[in-house]
Chemist: 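Dumping the structure here so I can ask a few things about it.
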There are 2 protein chains.
Amino acid sequence: MWYKHYMNETKTTVSKSQVTSRRLYEISMAHFLEKGFDQTTMRDLAAAAELSLGAFYYHFPNKEAVIQRFYQQSFDSFKYACDSVFAETENIEKRLLGVIEARLKTFEGSREILIVLSRSAVDPRSPLSPFGGDQKEIREKTVSIMREMIESSDLKCEKGLRTYLPELFWMYMMGMILFWVFDESNNQKKTRDFIQQLTPQIVRLIRYTRIPLSGTVLGPLKKTLEMLIGPR
Amino acid sequence: MWYKHYMNETKTTVSKSQVTSRRLYEISMAHFLEKGFDQTTMRDLAAAAELSLGAFYYHFPNKEAVIQRFYQQSFDSFKYACDSVFAETENIEKRLLGVIEARLKTFEGSREILIVLSRSAVDPRSPLSPFGGDQKEIREKTVSIMREMIESSDLKCEKGLRTYLPELFWMYMMGMILFWVFDESNNQKKTRDFIQQLTPQIVRLIRYTRIPLSGTVLGPLKKTLEMLIGPR
DNA sequence: GCCATTTTTTGAACATGTTTAAAATTTACT
DNA sequence: AGTAAATTTTAAACATGTTCAAAAAATGGC
């Protein structure tokens, strides 16, 4: 073994490959953040790591794979942040705000990276599409987080609608991320303000659905949701 | 002059460059549609046109410029189609359905091209971003079409909301296009059905805003719209 | 510690979008 | 028609993401 070290009382072996790929990842991200993704050359990265170009490709199948790893890691810290949001309050509005805020925070300072990710995500054939490929898994996990957020919350609403909420909230968050990507204001303040403004209104509308009268609107809406998300 | 020809009683001179670039455009699109954008090489195109690679670049600054031209032309035929939709009915629901249907029709058979366009459109730095660059103009023209659609229609709704509708309908249409891009069903039937289902509900909600009672929801919504679209 | 096997690295080559300087062609004017 | 200026075309080079076969290094069992 190349490298052994002790972590939490358990011997953990780390292969040389893991060490190198982490190093490559860190060097790469540093370059991407400083010079931009497109402006950073694979040759730059290999040189900075004092490795050959081919060796880089041994560790990452392509340039995008590096930022896919970033996306994966950002998801992990997002998930972790959600736990503490849920521990803090049962109020659905606060939770939803907290979750979206947590998500944006994981992207903070990496807006250009997210743009690169988005442009692949929009391609249904790409492995970064939220519906196929590697991102599918993250989407499903995110929907599960939304489900968890709702189930243990104070939200009361029409039963049928409730089953669609996890996917709807996922879409809402994706929309806000898109808004954020396009938001050129200082530190994307516009996005933050917008979310603060819109989220309570959405929650309020959802709560209204308990009133029987709302059936007029809700009836046809359910069919629409089924077409959008799939049958329940 | 390389080429003169008569059109509508007026002498129109067509430069050699115009003739060549149209030819290149047509050859290119044929290849893109048959083999796919990424699978078609600039060398393929130059060879098919019996021109050198460099000559191709004299007529188009880059590969994407070819499909930008397609996008421009698709917009022109969309705009034309809208006129006949408006001539046909004043009913806002029918108009909105007709306009969106017309838009999708201009993309029919070119889904892959639209995917390529979308992945650039999602990048705020790209000339294809709807907010900057060349597409900005098309976005503004499309919003104007929506405005025209509303103004001469039978739609009655709360006055303040009305001023935001052109942009809102534009966003709605963009959303449906995105849905269409991801829709893998036969001939994107799911998208068509979804639009048929959702559009009348949206129109109905908008019409409800004439009822004074609706102020409870509409009040905060207006501020949200202002943040989304800008002040009126 | 030595050898067979596996993992990692290397350097060169390849594919394709793009640029460029010079040559060929076309145009506009007399 | 002849010529200077412009437009268009060419061939070669360049930049950069990616692949590949062979070499080097590391590993595991004896």
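So that the names make sense, note that chain A is the first sequence line, chain B the second, and so on, each numbered from 1.
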Chemist: Under 4.0 Å between a side-chain nitrogen and a carboxylate oxygen: does that hold for A/D123 and B/R119?
Modeler: yes
Chemist: State whether A/R232 and A/E167 are salt-bridged, where the test is any N-O pair (Lys NZ or Arg NE/NH1/NH2 against Asp/Glu carboxylate O) under 4.0 Å.
Modeler: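 A salt bridge links A/R232 with A/E167.
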Chemist: So which of residues 35-47 of chain A are in contact with DNA chain D, with a heavy-atom cut-off of under 4.0 Å?
Modeler: A/T40, A/T41, A/M42, A/R43
Chemist: Verify side-chain contact (heavy atoms from CB on, under 4.5 Å) between B/K63 and B/F37, making sure each step is shown before the conclusion.
Modeler: CA-CA 9 Å; B/K63 198 179 176 187; B/F37 182 81; 3.7 Å; yes
Chemist: Look at A/E112 together with B/R125 and state whether they make a salt bridge at an N to O cut-off of under 4.0 Å.
Modeler: yes
Chemist: Scan residues 53-65 of chain B against DNA chain D and write down, sorted by residue number, each residue with any heavy atom closer than 4.0 Å; if none is found, say none.
Modeler: B/G54, B/A55, B/Y58, B/H59
Chemist: Restricting to side-chain contact (heavy atoms from CB on, under 4.5 Å), what partner residues turn up for A/A48, sequence neighbours left out?
Modeler: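 By the side-chain contact (heavy atoms from CB on, under 4.5 Å) rule, A/A48 matches A/I27, A/H31.
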Chemist: Please check if atom CG in A/N187 has more than 12 non-hydrogen atoms from other residues, nucleotides or ligands closer than 6.0 Å.
Modeler: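 For A/N187, atom CG is not crowded (no more than 12 foreign heavy atoms under 6.0 Å).
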Chemist: I want to know whether A/F75 and A/Y71 have ring centres closer than 6.0 Å.
Modeler: no
